[in-house]
Amino acid sequence: MSTDKNRATAAAILPLVGGPDNILSIAHCMTRLRITLRDRSLVQDEALKALPAVMGVVEDDTYQIVLGPGTVARVTPEFEALVAEARAAAPAPAAPGTGTPHTVTADELAAQGAAIKNAQKAKNSTPFKLFLRRIANIFVPLIPALIGCGIIAGLNGFLTNMGWVPAVVPALAAMASGFMSLIAVFVGYNTAKEFGGTAILGGAVAAIIVFPGVAKIDAFGQQLSPGQGGVLGALAAALLAVQVEKWCRKWVPEALDVLVTPTLTVLISGLVTIFGLMFVAGEVSSAIGTFATWLLATGGAFAGLVLGGLFLPLVMLGLHQALIPIHTTLIEQTGFTVLLPILAMAGAGQVGAAIAVYYKLPHNRSIRATIKSALPAGFLGVGEPLIYGVSLPLGRPFITACIGGAAGGAFVGLFNQLGTAFGSTAIGPSGWALFPLLDGKSGMGLTIAIYAGGLAVGYLVGFAATYFFGFTQLLCTSLNEPSEEEQSTSEEPVTSTAPEEEAVLTR
């Protein structure tokens, strides 16, 4: 997508979300442009959904516009630039009845903040969910590097197995492993930034974990090893550093702050990390790896059934990113996460369900158009457009999509139970996009075949469950619009028996 097209997309979105003055913050994840709004009522939802680049919208703690992987990373900077340019060009607002600029008061800001806070859905404002989102915010910026390094690792493994270009193999190994060897530092940096501390201090404390010199230190009667505790240790160390720093900012005299606060932050947090957190986090990390291996080895089919069936609701709630630390821990330990291929089956069930809806409603052009535009992203593992544009509003197809995901997950989990363990070397992609990241101990041919088989099972079961059980007869009849020939022969326009439901489903 060209820069001009990205800017055009951003320019089309901006007025439909209330203009630059209605934007409080801008961010993005792998697929969504996330906007904090001043006044939700100014958003033109239907016009926004009708934009060609928009796959759907999600209302959560922020207003989220689904643009798809790659596109969102290019549109967001253009959107930010347009907002900044509009604000710089606009004159300061004048107070009513005067010709002088009006200065926003603290009370006005507090009132705006209170209005925004009250507008959030209660179910998405629980402390637990908010904490999980903040944890996800730490890892989401790392995903592009994880994907790039994961694909290079896969290429390196392929070249090694084939005996091709041996001189290039060490270089590719360095590229693939360099980031992972220092990922704790990036996690510490992002953690401190997310929780209100100085980012570089969080990175400095986390760097202790990967420093080779810790091998000379004994803690809890055993010698530490570089990297012990991994990303979980880095997360805990940076969280501690934030608390120490905030305490120092409160009690250290301002004249000494620049010297004392950083020193005490690194010293106190560092000592606790070395003589406590590294050991504890190491035990937790080992337990996660051991449990995941045991779970799939002993009850893989059932575990896959549950994980594949429940993943779509997690995506619907926006909590699926809270699994990123677990995936990252497994990749640190074994080189791949065995959970991601199973969870990816939820997307297969969603695709199968959407195709069934397409064939079940041959006369509903609006729903069929939505499915046709969202299916390519669905095959690549981006499920939000199909979830929020098709299956979830319809009700039953969301449940039957989960059934398809459960079937695909059980298929992949069964082979793990039979001894063919495999996973993804990185996180982020799903669906067909996961093929380049697959790795296992039984050969790439078998690994790819099992994953492809799981996708096929998810597609077929999701389709069948939706086609035969996804609609009541009344709902199916009401959602099928008459053909153009029928409309032309009718003296009066035919209206749907479920107008409110139709309005929700049309884009």
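The shown structure was predicted, so the numbers you read here are calculated from the model rather than taken from an experiment. These numbers come from the heavy atoms of this one structure, side chains and all, not from hydrogens, waters or symmetry mates.
There is no side-chain donor-acceptor pair under 3.5 Å between Thr9 and Glu78. Looking at Ser285 and Glu332, their side chains never bring a donor and an acceptor atom within 3.5 Å of each other.
Side-chain contact between Phe139 and Ile427 is absent, with no heavy-atom pair separated by less than 4.5 Å. No side-chain heavy atom of Pro429 sits less than 4.5 Å from a side-chain heavy atom of Phe435. Under the 4.5 Å side-chain criterion, counting only non-hydrogen atoms from C-beta, Leu67 is not in contact with Thr76. Contact check for Thr328 versus Leu142: no side-chain heavy atoms found under the 4.5 Å cut-off. Within the 4.5 Å cutoff, the side chain of Ser391 has no heavy atoms near those of the Leu386 side chain. When side chains are defined from C-beta on, Val272 counts as touching Leu277, because their heavy atoms get closer than 4.5 Å. The side-chain heavy atoms of Gln417 and Phe302, taken from C-beta on, include no pair separated by under 4.5 Å. Looking only at side-chain heavy atoms (C-beta outward), Phe336 and Leu437 stay at 4.5 Å or farther from each other.
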Item to check | Working for side chain to side chain contact (heavy atoms under 4.5 Å, CB included), residues Leu267 and Val244 | outcome: CA-CA 10 Å; Leu267 178 62; Val244 174; over 6 Å; no
Next on the checklist: Assess the residue pair Phe422 and Leu446 against the criterion (side chain to side chain contact (heavy atoms under 4.5 Å, CB included)); give the C-alpha distance rounded to whole Å, side-chain angles, the decisive distance to 0.1 Å, and a yes or no.
Outcome noted: CA-CA 10 Å; Phe422 69 95; Leu446 183 58; over 6 Å; no
Item to check | side chain to side chain contact (heavy atoms under 4.5 Å, CB included) between Arg249 and Thr198, worked out | outcome: CA-CA 11 Å; Arg249 301 287 184 199; Thr198 301; 3.6 Å; yes
Checklist entry - Which is it for Ile209 and Thr273 under the side chain to side chain contact (heavy atoms under 4.5 Å, CB included) test, yes or no, and what are the steps along the way? => result CA-CA 8 Å; Ile209 293 174; Thr273 298; 3.9 Å; yes
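For the atom pair Leu33 CG and Phe79 CZ, the distance stands at 5.5 Å (nearest 0.5 Å). Leu418 CG to Ile450 CD1: the interatomic distance, rounded to the nearest 0.5 Å, is 8.5 Å. Atom CG in Leu24 sits 15.0 Å away from atom OH in Tyr63 (nearest 0.5 Å). The NE2 atom of His28 sits 10.5 Å away from the CZ atom of Arg74 when rounded to the nearest 0.5 Å. Rounding to the nearest 0.5 Å places OG1 of Thr329 at 4.0 Å from CG of Leu232. Here the CD-CE distance, from Gln228 to Met278, works out to 5.0 Å after rounding to the nearest 0.5 Å.
Pairing each heavy atom of Pro341 with each of Thr337, the nearest pair is CD-O, 3.4 Å. Scanning all heavy atoms of the two residues, the minimum distance from Val338 to Ala292 falls at CG2-CB, 4.4 Å. Nearest heavy atoms, Leu146 versus Ala426: O-CB, 2.9 Å. Residues Ala184 and Ala206 share a closest heavy-atom pair of O-CB, 3.3 Å. The two residues Phe195 and Ile138 come nearest to each other via the heavy atoms CE1-CD1, 3.8 Å. Scanning all heavy atoms of the two residues, the minimum distance from Leu434 to Ser424 falls at CD1-OG, 3.4 Å.
Formation of a donor-acceptor pair under 3.5 Å by the Thr290 side chain with backbone atoms of Ala287 is not found in this model. In terms of modelled atom types and a separation under 3.5 Å, the side chain of Thr62 and the main chain of Gln64 share no donor-acceptor contact. A distance-only check finds no donor-acceptor pair linking the side chain of Thr420 to the backbone of Asn416 [under 3.5 Å]. No donor-acceptor distance shorter than 3.5 angstrom exists from the side chain of Tyr459 to the backbone of Gly454, with no hydrogens or angles considered.
Taking the centre of each ring, Tyr358 and Phe463 stay at or above the 6.0 Å mark. A ring-centre distance under 6.0 Å is found for Phe411 and Phe415.
Of the listed residues (Val72, Val75, Val58, Ile13), just one forms a side-chain contact (heavy atoms from CB on, under 4.5 Å) with Ile65, and that residue is Ile13.
Between Phe186 and Phe179, the two ring planes are tilted [angle within 30° to 60°].
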